[in-house]
Amino acid sequence: MKPVIAIYPGSFDPLTNGHLDLIERGSKIFDKLIISILRNSEKEPLFSIPERRAMIEEMTAQYSNVEVDTFDGLLVEYGVRKKATAVLRGIRAISDYEYELQMALMNRKLEPRLETVFMMPAETYSYLSSRLVREIARLGGSVKGLVPPLVEQNLRRKLEGDILVASGPRVTKRRRKK
Ligand code: PNS
């Protein structure tokens, strides 16, 4: 049997404990799971691609079958290039379903060889999203327990005005010039 390679695409701005929960579940059922960060999102990101990549790499280093990559353009074309046969997406609540169904069916129309697999994160994370994490952090609220401690620390630094620099598997910081 050929190894089953799955893509877990997203913005991951930033990685939350809900994402990590899904990564752990996905790593158990797929032979290889590629966390793929979308490079050219229309959204104005909080963390740069190298910052997000470095944090995700550090937080998933314990999974030998998980790797981190970035992509641009159509997800299905990238998936085929990576020899993937599955796309992993998380569904937290019914409200996610309509958008996810539309995307999954469109991706299937574009590339029938790629199957979208939906998984549910632990119910503790059903209300959690990167957007809410960014908003809470910007407004000075606590994101403890919602994101890994490394992300929490980097959120604080980022919002204090430091520039985070990815160097190797770690994220280091440099003070923004005034
Ligand atoms: O974390 P997000 O923002 O919910 O992830 C959305 C993502 C990256 C999965 C989606 O925007 C995507 O696949 N973008 C790549 C461009 C593409 O293939 N668009 C057609 C989707 S049917």
Side-chain angles (χ1 to χ4, degrees), residues 4-27 29-30 32-60 63 66-138 143 146-148 150-152 154-155 158 166:
V4 180
I5 302 174
I7 305 287
Y8 179 30
S11 311
F12 305 104
D13 185 31
L15 180 83
T16 67
N17 284 342
H19 293 131
L20 270 183
D21 180 274
L22 216 72
I23 291 164
E24 185 177 356
R25 289 171 201 278
S27 74
I29 65 166
F30 298 113
K32 183 164 146 187
L33 183 64
I34 308 174
I35 306 168
S36 307
I37 313 167
L38 177 65
R39 273 203 305 270
N40 254 1
S41 167
E42 283 157 23
K43 304 175 204 163
E44 180 69 32
L46 178 63
F47 289 102
S48 70
I49 295 288
E51 287 167 354
R52 279 179 265 166
R53 185 180 190 144
M55 284 189 277
I56 300 173
E57 277 173 353
E58 190 158 337
M59 298 322 302
T60 58
Y63 304 112
V66 171
E67 58 181 65
V68 188
D69 193 19
T70 64
F71 79 104
D72 219 346
L74 277 182
L75 173 67
V76 289
E77 289 180 357
Y78 164 77
V80 168
R81 278 202 307 279
K82 298 306 274 187
K83 299 191 174 18
T85 50
V87 172
L88 173 64
R89 290 288 289 172
I91 290 209
R92 292 159 299 188
I94 276 294
S95 50
D96 283 339
Y97 182 73
E98 209 173 325
Y99 168 65
E100 293 297 336
L101 178 73
Q102 189 184 18
M103 208 159 55
L105 293 178
M106 184 58 84
N107 281 335
R108 180 190 280 168
K109 167 95 180 82
L110 293 169
E111 181 45 80
R113 286 174 294 177
L114 268 179
E115 201 63 60
T116 299
V117 177
F118 294 122
M119 291 182 84
M120 292 153 295
E123 54 274 26
T124 355
Y125 303 127
S126 59
Y127 56 88
L128 180 54
S129 73
S130 297
R131 186 182 62 78
L132 284 181
V133 164
R134 288 195 304 272
E135 189 171 314
I136 293 164
R138 274 196 181 112
V143 293
L146 305 180
V147 295
L150 172 73
V151 174
E152 197 187 337
N154 281 333
L155 269 168
K158 172 71 87 180

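Read the numbers this way: they start at 1 and go in the same order the structure lists the ligands and their atoms.
- Checked against a 3.5 angstrom limit, the closest N/O atoms of Ser11 and ligand 1 fall inside it.
- No part of Phe12 comes within 4.0 Å of ligand 1, judged by heavy-atom distances.
- The backbone N or O of Pro121 sits nowhere less than 3.5 Å from a side-chain atom of Arg25 that would complete a donor-acceptor pair.
- Residue-ligand proximity: Tyr78 is placed with every non-hydrogen atom at 4.0 Å or more from ligand 1.
- No side-chain donor from either of Thr16 and Tyr125 sits under 3.5 Å from a side-chain acceptor of the other.
- When only interatomic distances are considered, the shortest N/O to N/O separation between Met103 and ligand 1 does not fall below 3.5 Å.
- If you look at Gln102 next to ligand 1, there are no close heavy atoms at all, none under 4.0 Å.
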| Asn107 and Leu114: CA distance, side-chain angles, deciding distance, side-chain contact (heavy atoms from CB on, under 4.5 Å) verdict | CA-CA 8 Å; Asn107 281 335; Leu114 268 179; over 6 Å; no
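- With a 6.0 Å radius and a threshold of 12 heavy atoms from other residues, nucleotides or ligands, Met119 has its CE atom above the threshold.
- Of the candidates Glu111, Glu77, Arg89, Lys109, the one placing a heavy atom closest to atom 6 (C) of ligand 1 is Arg89.
- Residue Gly73 places a heavy atom less than 4.0 Å from ligand 1.
- Here the heavy atom of the protein found nearest to atom 11 (O) of ligand 1 is Leu38 CD2, 4.1 Å.
- In this structure, the protein non-hydrogen atom closest to atom 18 (O) of ligand 1 is Leu75 N, 2.8 Å.
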| task | Output, in order, the C-alpha distance, side-chain angles, deciding distance and verdict of side-chain contact (heavy atoms from CB on, under 4.5 Å) for Thr60 and Leu20. | result | CA-CA 8 Å; Thr60 58; Leu20 270 183; 4.1 Å; yes
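- When only non-hydrogen protein atoms are considered, atom 22 (S) of ligand 1 lies nearest to Asn107 OD1, 3.4 Å.
- Heavy-atom neighbours of Arg131 CZ from other residues, nucleotides or ligands within 6.0 Å: at or below the threshold of 12.
- For atom 9 (C) of ligand 1, the nearest protein heavy atom lies under 4.0 Å away.
- Listed by atom number, the atoms of ligand 1 under 4.0 Å from Met106 heavy atoms are 22 (S).
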| field | Residues Val80, Glu77; criterion side-chain contact (heavy atoms from CB on, under 4.5 Å); working and verdict | value | CA-CA 5 Å; Val80 168; Glu77 289 180 357; 6.0 Å; no
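- Scanning the protein heavy atoms around atom 20 (C) of ligand 1, the nearest turns out to be Leu74 CD2, 4.1 Å.
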